[in-house]
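Bear in mind the structure is a predicted one, so any value in this text is a computation, not a measurement. Positions are given from 1 along the sequence.
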Amino acid sequence: MTGTKRRTRKFKFTEKKQSVKGLLSIVFDIAAIVLILDTVMKSVAAKGEANLYIGSRGVLALIIAIAGLTLGIAGIREKDVFMAVPKSGTIAGIIVTAVIVCVYVFGIFL
């Protein structure tokens, strides 16, 4: 084993923590996904003639998705936190919000 480098293990300890806002962002995004999927399934089962209750659930899902997006952005702005969770929460929030808006746009025009 001559001539080989021996790799030393180096650990880097930081004071960074997980972002609570980032975690809440992911939880809100998952809740919005579940809510909008259930709402769309119930609307399809009613053949598009769903009542006001189903429509208000869709609006609630949109509000939750926007709140998740806002929390994700706030999590990115925090200092001394790991950025993976807030960034993934923000990306998920953008996608979920865009999908819900598209569902509404297609529902209005179709």
Side-chain angles (χ1 to χ4, degrees):
M1 297 225 191
T2 58
T4 60
K5 281 187 173 181
R6 184 171 184 185
R7 193 167 79 175
T8 59
R9 296 180 188 238
K10 294 181 181 178
F11 295 102
K12 186 176 181 182
F13 295 102
T14 73
E15 296 294 323
K16 292 184 178 183
K17 298 177 182 175
Q18 290 293 340
S19 172
V20 175
K21 291 178 183 175
L23 291 171
L24 282 175
S25 171
I26 292 175
V27 169
F28 277 34
D29 293 335
I30 291 171
I33 289 169
V34 169
L35 190 59
I36 197 66
L37 286 177
D38 186 50
T39 302
V40 168
M41 289 187 331
K42 288 184 179 182
S43 178
V44 169
K47 298 180 182 172
E49 298 296 325
N51 57 12
L52 185 62
Y53 174 72
I54 298 298
S56 62
R57 288 181 61 175
V59 173
L60 179 63
L62 180 62
I63 292 169
I64 291 172
I66 292 171
L69 176 61
T70 306
L71 282 170
I73 292 170
I76 289 175
R77 291 183 179 173
E78 288 180 343
K79 303 272 188 218
D80 295 328
V81 295
F82 293 111
M83 286 293 154
V85 175
K87 284 183 180 179
S88 60
T90 302
I91 291 169
I94 291 169
I95 293 169
V96 171
T97 304
V99 166
I100 293 173
V101 168
C102 287
V103 166
Y104 271 105
V105 168
F106 287 133
I108 290 171
F109 291 117
L110 294 180

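Rounded to the nearest 0.5 Å, atoms CG (Leu69) and OG1 (Thr97) are 5.0 Å apart. To the nearest 0.5 angstrom, Glu78 atom CD is 12.5 Å from Lys16 atom NZ. The CD1 atom of Ile66 lies 12.5 Å from the CG atom of Leu71; values are rounded to the nearest 0.5 Å. The OG1 atom of Thr39 sits 11.5 Å away from atom CG of Leu62, with the distance rounded to the nearest 0.5 Å. Atom CD1 of residue Ile64 and atom CD1 of residue Ile30 lie 12.5 Å apart, to the nearest 0.5 angstrom. Atom OG of Ser88 sits about 8.5 Å away from atom CG of Leu23, to the nearest 0.5 Å.
Cluster membership for Leu37 and Ile63, using ILVMFWY side-chain heavy atoms within less than 4.5 angstrom, is shared. Val59 and Ile100 fall within the same hydrophobic cluster, where Ile, Leu, Val, Met, Phe, Trp and Tyr residues are linked whenever their side-chain heavy atoms come under 4.5 Å apart, directly or through other members. Val103 and Val96 fall within the same hydrophobic cluster, defined by Ile, Leu, Val, Met, Phe, Trp and Tyr side-chain heavy atoms under 4.5 Å apart, directly or through other members. Using a 4.5 Å cut-off between side-chain heavy atoms of Ile, Leu, Val, Met, Phe, Trp and Tyr, with links allowed through other members, Val44 and Leu35 fall into different hydrophobic clusters. Put simply, Ile94 and Ile73 are part of the same group of oily side chains (I, L, V, M, F, W, Y) that touch within less than 4.5 Å, one to the next.
Of all the heavy atoms in Tyr104 and Gly58, the pair that sits closest is OH-C, 2.9 Å. Pro86 and Gly75 make their closest contact through CB-C, 3.6 Å (heavy atoms, listed as atom of the first residue, atom of the second, distance). In this structure, Ser25 and Gly68 approach most closely via the heavy-atom pair OG-O, 2.7 Å. Contact between Ser43 and Ala50 at its shortest, heavy atoms only, is CA-CB, 4.3 Å. For the pair Ala74 and Lys21, the tightest heavy-atom approach, listed with the atom from each and the gap, is CB-CD, 3.8 Å. The two atoms that bring Val85 and Gly22 nearest to each other are CG1-C, 3.5 Å, heavy atoms only.
Applying the salt bridge (charged side-chain N to carboxylate O under 4.0 Å, His left out) test to pairs two or more places apart or on separate chains, those with a residue in residues 26-54 are Asp38-Lys42, Asp38-Arg57.
Residues satisfying the side-chain hydrogen bond (donor to acceptor under 3.5 Å, both in side chains) test with Thr90, not counting sequence neighbours, are none.
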Review point. Is there a side-chain contact (heavy atoms from CB on, under 4.5 Å) between Val99 and Ile36 once you walk through the steps?
Key: CA-CA 10 Å; Val99 166; Ile36 197 66; 5.8 Å; no

